[in-house]
Amino acid sequence: MKRSISLWVLTLCGALLLAPATPVAAEEPVSFDVASLPMPAVQDKARFMASMEPLPLHDKKMLPLRYERFQALKNNKDLWRDKESQAFLLTSREEFVLPQNLKRTYDHAFLDIGYGVTISGPHLVMRMTSALDVQPEDRVLEVGTGSGYQSAILAHLSNHVYTVEIIEPLHQRTRELYTKLIDKGYGEYVNVHLKSGDGYYGWEEMGPFNKIIVTCAIDHIPPPLLKQLAPNGVMVIPVGPPGKQTLLEVRKEVNTDGKTTITRKDVYNGRKSVSFVPFTKKEGGGTWSGKGLQ
Ligand code: SAH
């Protein structure tokens, strides 16, 4: 009896040793499921404030301003669906602006974020986000991380956000900010993956992307970005001369016979132009211009 038990133990140990090793960690980094995010109350300010009570990370002094901006965005049709309202109401824009601009966090304005670049106003950030109609399993690429605010909004809509910034120290600063915010308890920001580099080339290893958002201005659509756009993917990009670009919604449609068609549409239907900081090359290389669709 004793012998058969030890044999059994030996067999079990052998089986364990021979068993395939625990599966290698999935290539995809850990993500936070956006489906688990709460929906704040939107009917009025008092109910919004009450619904944010269980989320102590959010600064109580800023919440009324955030709610007022939300109402203005709603009236201006910058928020198209509940999920974009939710993303706006759950993102602490105050964490992404410079201390000297704190009071202006929720103004209808772009703000300086250092290094000669700016964070877009809430209306533009949310209009571009709405045009993308981001789904939880979409792979999303942003070109121009800047302050990290736009990617923070996206982190509430997709479990897979990738963002590239060309100014190395700005990339470092925003990376550190995200680490700090995750440590504080904003779990959703593990969905944001940052890279320092020239976003003209996209982020090939992580593509293809279902959605691409470009937050710097260029005179054509970079061919590498079109290539990294998945079939039936959407890209939002400001295209045009300095100070006056058209905000384009670009769609890549692949027919059943495998033929690819690119369609372009002005997000603002000709009603207004936008002005973004230039799409630059690496140090001293000037701005990108030239070949490609306009
Ligand atoms: N989305 C940002 C907006 C920043 S402004 C935010 O939410 O704050 C545009 C950013 O694009 C700047 O930080 C600028 O440095 C960056 N940029 C310009 N050219 C770039 C390029 N070739 N690749 C990546 N980022 C670029």
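When a ligand or atom number is given, it counts from 1 through the structure's own listing order.
By the 4.0 Å N-to-carboxylate-O rule, K184 lies close enough to E95 to be salt-bridged with it. With respect to D133 and K83, a salt bridge is recorded, a charged nitrogen being found less than 4.0 Å from a carboxylate O. R81 has a carboxylate O that lies under 4.0 Å from a charged side-chain N of E84, or vice versa, which qualifies the two as a salt bridge.
Side-chain contact between H171 and T145 is absent, with no heavy-atom pair separated by less than 4.5 Å. Proximity of K74 to W80: side-chain heavy atoms (C-beta onward) are nowhere separated by under 4.5 Å.
Under the ring pair (Phe, Tyr, Trp, His ring centres under 6.0 Å) criterion, Y106 pairs with no residue at all, not counting sequence neighbours.
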Sub-3.5 Å pairs, protein N or O with ligand 1 N or O:
{"from": "ligand 1", "atom 1": "1 (N)", "to": "E142", "atom 2": "OE2", "distance (Å)": "2.8"}
{"from": "ligand 1", "atom 1": "1 (N)", "to": "G144", "atom 2": "O", "distance (Å)": "2.9"}
{"from": "ligand 1", "atom 1": "1 (N)", "to": "T215", "atom 2": "OG1", "distance (Å)": "3.2"}
{"from": "ligand 1", "atom 1": "7 (O)", "to": "Q150", "atom 2": "N", "distance (Å)": "3.1"}
{"from": "ligand 1", "atom 1": "8 (O)", "to": "S147", "atom 2": "N", "distance (Å)": "3.0"}
{"from": "ligand 1", "atom 1": "8 (O)", "to": "S147", "atom 2": "OG", "distance (Å)": "2.6"}
{"from": "ligand 1", "atom 1": "13 (O)", "to": "E165", "atom 2": "OE1", "distance (Å)": "2.7"}
{"from": "ligand 1", "atom 1": "13 (O)", "to": "E165", "atom 2": "OE2", "distance (Å)": "3.4"}
{"from": "ligand 1", "atom 1": "15 (O)", "to": "E165", "atom 2": "OE2", "distance (Å)": "2.6"}
{"from": "ligand 1", "atom 1": "19 (N)", "to": "T280", "atom 2": "N", "distance (Å)": "2.9"}
{"from": "ligand 1", "atom 1": "19 (N)", "to": "T280", "atom 2": "OG1", "distance (Å)": "3.3"}
{"from": "ligand 1", "atom 1": "22 (N)", "to": "D198", "atom 2": "OD1", "distance (Å)": "2.7"}
{"from": "ligand 1", "atom 1": "22 (N)", "to": "T280", "atom 2": "O", "distance (Å)": "2.7"}
{"from": "ligand 1", "atom 1": "23 (N)", "to": "G199", "atom 2": "N", "distance (Å)": "2.8"}
{"from": "ligand 1", "atom 1": "25 (N)", "to": "I166", "atom 2": "N", "distance (Å)": "3.3"}

